[in-house]
Amino acid sequence: MQVCLIFVFIICWISFIVAFTHRTLLNPLKYTSSFSQCDHCLHPLNWWQLIPVGGWVFQKGRCHWCQQPIDAFNPMIELILTAWYLSKFQIYGAIPTLIILTTITIITTTDWYEQWINPVFLCGFLPFRSVMLADSHWFIYLIEVSLILFLLGMNYHQKLGFGDTAYLIIILFSVGLTATCWIILCACLLILLTSRYQTKSLPFIPYLNLGLILII
Ligand SMILES: [Zn+2]
């Protein structure tokens with residue numbers, strides 16, 4: 001029963017944060033009503049269209065009013081991050097996991113749709129630091145500093161965006177060297193697996209976040 005309540009709260013929270021990100025960070029001038037609207041025709045949505053995952057399934061992935069396809073991003077992020085929260089909140093604590101989940105939701109949404117993140121939101125990863133063992137050996141610190149310099153060099157030569165660079169440095173501080181290396185490896189493998197079906201350039205942060213929730 002308790003797990004069901006947490007499931008409902010978390011999936012509704014993610015749905016709210018994605019909509020909030022669209023309205024405040026991505027398209028602050030697009031929406032004309034304070035109620036939820038279709039992204040294409042701006043028709044106000046009924047209550048059943050707002051049900052996380054269910055709204056997308058009931059409409060068979062197309063807007064009930066204008067029949068335009070609705071992005072599968074929302075049901076995907078809602079299901080994946082809710083499953084991650086339920087498997088981790090007892091380990092990391094309910095509130096720290098909620099903060100991390102909110103950060104992942106915001107930066108994944110902005111990077112997925114417009115390929116940018118606001119680095120301020122990366123502070124939401126810092127609760128990891130208090131719940132995970134940090135690498136302590138001096139040799140590990142040396143590799144960490146080398147990796148940070150390498151990332152800054154990549155950024156300087158415009159091979160890596162500012163948001164991606166800041167993300168990786170904060171993650172390195174928050175979860176340590178070993179986990180960071182696994183996250184990067186995981187993200188690169190996921191990009192290799194999916195890039196053959198994509199012609200446009202891919203945002204890196206959603207893949208890094210997917211790697212993060214698989215590794216952490
Ligand atoms: Zn519509």
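Whatever order the structure lists them in is the order used to number ligands and atoms, beginning at 1. Treat the numbers as computed from the prediction; the structure is a model and nothing was measured.
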Would you say the Zn ion (ligand 1) has [X] as a near neighbour, meaning an N/O/S atom of that residue under 2.8 Å away?
X	result
Cys63	yes
His43	no
Cys66	yes

Parallel under 30°, tilted from 30 to 60°, perpendicular over 60°: which one fits the rings of Phe125 and Phe128?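 Ring orientation of Phe125 relative to Phe128: parallel.
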Parallel, tilted or perpendicular for Phe73 and Trp112, by the 30°/60° rule?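 Geometry flag for Trp112 against Phe73: parallel rings.
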Testing the 3.5 Å rule here: is there a donor-acceptor pair between the side chains of Thr194 and Tyr207?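 Yes.
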Give a yes or no on whether Trp65 atom CH2 has more than 12 heavy-atom contacts from other residues, nucleotides or ligands under 6.0 Å away.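 Buried by this count: over 12 neighbours within 6.0 Å.
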